[in-house]
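A short write-up of the structure that comes next.
Values in this document were obtained by computation on a predicted structure and should not be read as measured data. The chains referred to below are lettered A, B, ... by the order of the sequence lines, with proteins before strands, and numbering in each begins at 1.
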Number of protein chains: 2
Amino acid sequence: MNVGSDRTEERLLSFESICREHGLSITPQRVAIYKELVSSPDHPSAISIFNKVREYYSNISLDTVNRTLLTFQKIGLAKVVESSGDPKRFDPNLEPHHHFRCISCGEIIDFRDEFYDALEIPAEIKEKFVVLEKKVHLEGFCDQCRAT
Amino acid sequence: MNVGSDRTEERLLSFESICREHGLSITPQRVAIYKELVSSPDHPSAISIFNKVREYYSNISLDTVNRTLLTFQKIGLAKVVESSGDPKRFDPNLEPHHHFRCISCGEIIDFRDEFYDALEIPAEIKEKFVVLEKKVHLEGFCDQCRAT
DNA sequence: ATGTTTGCAAATAGTTTGCATCCAG
DNA sequence: CTGGATGCAAACTATTTGCAAACAT
């Protein structure tokens, strides 16, 4: 597990209250999974979180990790990354941000862009649908893979 | 199978030349799968194309459909939709367009927007990566599901 | 106390692979 | 003819479900 930053401590507090709001128990498994998720610099899959948590919580099961991550998604503590790949990847970053995905290695890189954040929703969409999330998705080759 | 429009006929011709360019045979299976794909109004999964093609090509196998769709993606005849769901969905629409996805029913709706098409790539990204694709992804509730 | 959560095992869904046969070029 | 494509079966990966035991509140 990564060493807890102030940011992580802060998020742990809101984690507990959000769980309570939804009538969910604060179990050690959920705490451990949440800590791993928010201290992840990337977009971890259930398996990668499972492997990290298992280092110090040896008898946790992959099913619990899967179930818990889906629960987190449901109550708004995580998002599922839009990607065309097989294993679901989770995103602990709830701030507005955008994604670049390398089509060669599959790496997904977050980036901030105030201009993108401020994009207007087209009228034809706004009239018919309720838009809750807006994200620019870029694709191509990352610096590692462009060299190949 | 949908009745062939002029657009479909047109695309079939370029389909054959693109296959030849890549040294791929024009097999009846590939033609059938391609016809289904491009006449799809939505973003079909391998299974849904399999089911439609099977109506008149009864002994085609799902494996062939899967393999063929991946081949189409490789040679640029189709794209895989960025989505967080399980079954891969393919996109026959190669024109620049954007997606709205309903988080309730999973429907993905294409929309055109010239302003979005013209978005600049942020300098920090352009410097490091090669960007081949740019798409705005919106999420929320579609008109059907917002009522529920 | 009791209703939720967990871990295990089995089931399921989607996709991929190996291989013999078949067919397009 | 011949190499690539297909169909079948089996393997594999990711995820989900049923259920009894364990735990949080």
Note to self: Applying a 4.0 Å non-hydrogen cut-off, can you work out what A:Arg30 is touching in the nucleic acid: base, sugar-phosphate, or nothing?
What the structure shows: sugar-phosphate

Checklist line | Whole-Å distance separating the CG atom of B:Asp86 from the C1' atom of C:dG14 | finding: 7 Å

Next item on the list: Calculate the interatomic distance between B:Leu24 atom CG and D:dG3 atom C1'; express it in whole Å.
Entry: 13 Å

Check: Please give, in whole Å, the distance from C:dC22 P to B:Ile26 CD1?
Finding: 23 Å

Next item on the list: Kindly say if B:Thr27 contacts the phosphate of C:dC23, meaning a side-chain N or O under 4.0 Å from OP1 or OP2.
Entry: no

Item checked: Exercise: identify the closest heavy-atom pair between A:Phe50 and A:Ile60 -> CE1-O, 3.2 Å

Item checked: Pair of N/O donor and acceptor under 3.5 Å linking D:dA9 base with B:Asp63 side chain -> yes

Checklist line | Side-chain N or O of B:Thr64 closer than 4.0 Å to phosphate OP1/OP2 of D:dG7 | finding: yes

Item checked: Rounded interatomic separation in angstrom, taking OH from A:Tyr57 and C1' from C:dG7 -> 11 Å

Check: With nearest nucleotides of DNA chain C determined for A:Arg67 and B:Pro28 from heavy-atom distances, which residue corresponds to the more 5′ nucleotide?
Finding: A:Arg67

Notebook entry, point to check: Roughly, in whole Å, what's the span from CG in A:Asn59 to P in D:dC23?
Noted result: 10 Å

Notebook entry, point to check: For D:dA24, does OP1 or OP2 lie under 4.0 Å from any side-chain N or O of A:Gln29?
Noted result: no

Next item on the list: Output the single nucleotide from C:dT15, C:dT16, D:dG7 whose closest atom is nearest the side chain of B:Ile60.
Entry: D:dG7

Item checked: side-chain N/O A:Ser25 vs D:dA24 OP1/OP2, d < 4.0 Å -> no

Next item on the list: Could you tell me whether B:Glu124 and B:Lys128 make a salt bridge, using a distance below 4.0 angstrom between a side-chain N and a carboxylate O?
Entry: no

Note to self: Taking any heavy-atom pair under 4.0 Å as a contact, classify B:Ile47: base, sugar-phosphate, or nothing.
What the structure shows: nothing

Next item on the list: Nearest whole angstrom, please: distance from the P of D:dA10 to the CG of B:Leu62.
Entry: 16 Å

Item checked: Donor on one side chain, acceptor on other, B:Asp110 and B:His98, under 3.5 Å -> no

Check: Can you find a donor-acceptor pair, distance only, under 3.5 Å between B:Arg20 side chain and C:dG25 base?
Finding: no

Checklist line | Value in whole Å for how far the P atom of D:dT15 lies from CG of A:Leu69 | finding: 10 Å

Notebook entry, point to check: If you round to the nearest 0.5 Å, how far is OG of A:Ser45 from CD1 of A:Ile47?
Noted result: 6.5 Å

Check: Does B:Lys88 place a side-chain N or O at less than 4.0 Å from the phosphate oxygens OP1/OP2 of C:dA13?
Finding: no

Margin query: Students often mix this up, so state it plainly: with edges at 30° and 60°, are the rings of B:Phe15 and B:Tyr34 parallel, tilted or perpendicular?
Written below: parallel

Notebook entry, point to check: Atom CD of B:Glu16 to atom C1' of C:dA24: distance rounded to whole Å?
Noted result: 12 Å

